[in-house]
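Below: one structure, written as structure tokens.
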Amino acid sequence: MLIVLALYIVEGLQFDNGYLSSFFVTDNEKMAVEFDHCKLLLVDMKIANAEDIVGVIEVAIRGGYPLLVIAQEIDLEALAILVGYKRRGALKIAALKAPGFGELKSQYLDDIAILTGGKFSVSIATVIREEVGLSLDKSGKEVLGHAAKVVLTKESSTIVGDGSTHDAVQKHVTQIKNLIEQAEQGYEKEKLNERISKLSAGVAVIQVGAQTEAKLKEKKLRVEDALNATKAAVEEGVVVGGGCILLHLASKVDVIKDSLDDEEKVGADIVKRGLTYPLKRISENAGEKVLANEDLMAAKVLRCCLENSVKVLRTFFMSHQGA
């Protein structure tokens, strides 16, 4: 039985930029980077020389905590050195570019600093930028922020606060609202509202308990499946399950067959038979008719299944034509 111990909302940020190298990945199955109790180095400039952050890296190694580097840009040579620390097992580290474009990058870095400057951090998170007289090579643990958890994929990143920054985040949101009132251009107002939306939305955290590590892993996978199904349903809606919608789609194949050539008609017949098979199988297993089935499934899941099936079928035909 799946038991959810707690569900709560904390301050957090989600944005589209993902990790800069797959070598940072900690979960090969998900192709994701996941750090708990992570320190953040926020840099409002290009990191052209990895030697500039050696001091911070050594502090992280001695402290035994993961380090996430977020910068305007990171030179390939500097990135390679960071990857080297990860591959040697010397440090859990990852890097990504600051979200947004142009001046928005600086503003998002400030947002992240507010989010991660909580009381559980040894320091108050500070964005390293030359305009305020801060130098990357002379910075240490005093500038690092703290996140309860970070999750990075190739396309997106999630930073979860430690629960102590609520007042600071709300004060920051109020300041951004004041900027909206002063803004003259529609584009500027739009981006400011976007920042407020990201800061105010928060991140939902689901805590799941189990008696053994194996059971915990199984339950976590079930929760992830449920979340993915829910997200898919939100994105593209739901359709009738139980194979019923596939049967309805099968009846539409004949409508387009007249516009196909002979080989395509063969493929269409195969698709039609395939669409009717799930309902037949369900009927055989249940021993009864299920045309009136009212279960629902995510439309996106169904669409992806059909698209992948057609790709397999197309590959099959192309390989046989080549033979």
Side-chain angles (χ1 to χ4, degrees), residues 8-18 33 35-45 47 53 56 59-60 65-73 94-136 139-152 156-183 188-205:
Y8 57 96
I9 307 296
V10 297
E11 277 66 37
L13 268 176
Q14 293 179 310
F15 46 88
D16 292 338
N17 287 14
V33 177
F35 292 151
D36 292 320
H37 304 294
C38 175
K39 298 294 184 182
L40 288 85
L41 176 64
L42 309 175
V43 186
D44 193 9
M45 64 183 79
I47 300 178
I53 60 173
V56 174
V59 168
Y65 47 73
L67 180 66
L68 174 61
V69 180
I70 307 179
Q72 286 265 6
E73 296 282 344
L96 57 90
K97 291 182 181 180
F101 300 93
E103 292 184 3
L104 268 178
K105 284 180 175 286
S106 299
Q107 295 168 5
Y108 272 122
L109 284 170
D110 288 336
D111 295 344
I112 296 172
I114 295 294
L115 173 68
T116 61
K119 65 183 182 182
F120 292 109
S121 176
V122 176
S123 60
I124 299 301
T126 304
V127 179
I128 305 299
R129 49 171 59 104
E130 294 177 347
E131 302 93 283
V132 293
L134 293 177
S135 174
L136 183 57
S139 299
K141 64 180 180 180
E142 72 280 354
V143 302
L144 300 180
H146 177 273
K149 189 178 186 68
V150 297
V151 180
L152 317 177
S156 64
S157 300
T158 302
I159 300 174
V160 180
D162 56 27
S164 65
T165 58
H166 177 77
D167 292 342
V169 170
Q170 293 306 310
K171 182 178 179 180
H172 189 59
V173 167
T174 301
Q175 292 173 345
I176 298 175
K177 288 180 179 179
N178 292 334
L179 292 176
I180 293 177
E181 294 178 0
Q182 301 170 15
E188 185 179 358
K189 291 183 178 181
E190 178 186 344
K191 293 305 175 183
L192 288 170
N193 276 312
E194 185 178 302
R195 290 173 59 198
I196 290 177
S197 176
K198 288 182 180 295
L199 280 169
S200 302
V203 175
V205 177

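For clarity, every value in this text was computed on a predicted model and none was experimentally measured.
Applying the side chain to side chain contact (heavy atoms under 4.5 Å, CB included) criterion to His166, with sequence neighbours excluded, gives Glu11, Gln170. Under the side chain to side chain contact (heavy atoms under 4.5 Å, CB included) criterion, Ala60 pairs with Tyr65, Leu67, Leu91, not counting sequence neighbours. With sequence neighbours excluded, no residue satisfies side chain to side chain donor-acceptor pair (under 3.5 Å) with Asn178. For Gln175, the side chain to side chain contact (heavy atoms under 4.5 Å, CB included) partners two or more places apart in sequence, or in a different chain, are Lys171, His172. Not a single salt bridge (charged side-chain N to carboxylate O under 4.0 Å, His left out) links Glu190 to another residue, sequence neighbours left out. The side chain to side chain contact (heavy atoms under 4.5 Å, CB included) check on Val173 picks up Val169, Lys177, Ile196, Leu199, Ser200, with sequence neighbours excluded. In this structure Glu73 satisfies the side chain to side chain donor-acceptor pair (under 3.5 Å) test together with Lys97, sequence neighbours excluded.
By the 4.5 Å heavy-atom criterion applied to side chains, Tyr108 and Glu194 are counted as neighbours. Side-chain contact between Leu144 and Leu41 is present, with at least one heavy-atom pair separated by less than 4.5 Å. No side-chain heavy atom of Gln14 sits less than 4.5 Å from a side-chain heavy atom of Lys198. Using a 4.5 Å cut-off on side-chain heavy atoms (C-beta onward), Leu40 and Ile159 make contact. Two residues are said to be in side-chain contact when any heavy atoms from C-beta on lie closer than 4.5 Å; Asp44 and Gln72 meet this criterion. Looking at heavy atoms from C-beta onward, Leu68 lies in side-chain contact with Leu96 at the 4.5 angstrom threshold.
In this structure, CD in Gln107 is found 6.5 Å from CG in Leu192, a value given to the nearest 0.5 Å. The CE atom of Met45 sits 7.5 Å away from atom CD of Glu131, with the distance rounded to the nearest 0.5 Å. For the atom pair CG (Leu109) and CG (Leu104), the distance works out to 11.0 Å, reported to the nearest 0.5 Å. With rounding to the nearest 0.5 Å, the separation of CG in Asp36 from NZ in Lys149 is 4.0 Å.
What you find for Ala183 and Lys189 is that their closest heavy atoms are O-CE, 3.0 Å. Taking all atoms of both residues into account, the shortest heavy-atom contact from Gly161 to Ala148 is O-CB, 3.3 Å. Nearest approach of Gly140 to Val56, heavy atoms of both residues: CA-CG2, 4.3 Å. Smallest separation of non-hydrogen atoms from Ile70 and Ala98: CG2-CA, 3.7 Å.
Ser157 contributes a side-chain N or O that, together with a main-chain N or O of Asn17, makes up a donor-acceptor pair within less than 3.5 Å. The backbone N or O of Leu115 lies less than 3.5 Å from a partner atom in the side chain of Thr165, making a donor-acceptor pair.
Applying the salt bridge (Lys or Arg N to Asp or Glu O under 4.0 Å) test to pairs two or more places apart or on separate chains, those with a residue in residues 103-113 are Asp110-Arg129, Asp111-Arg195.
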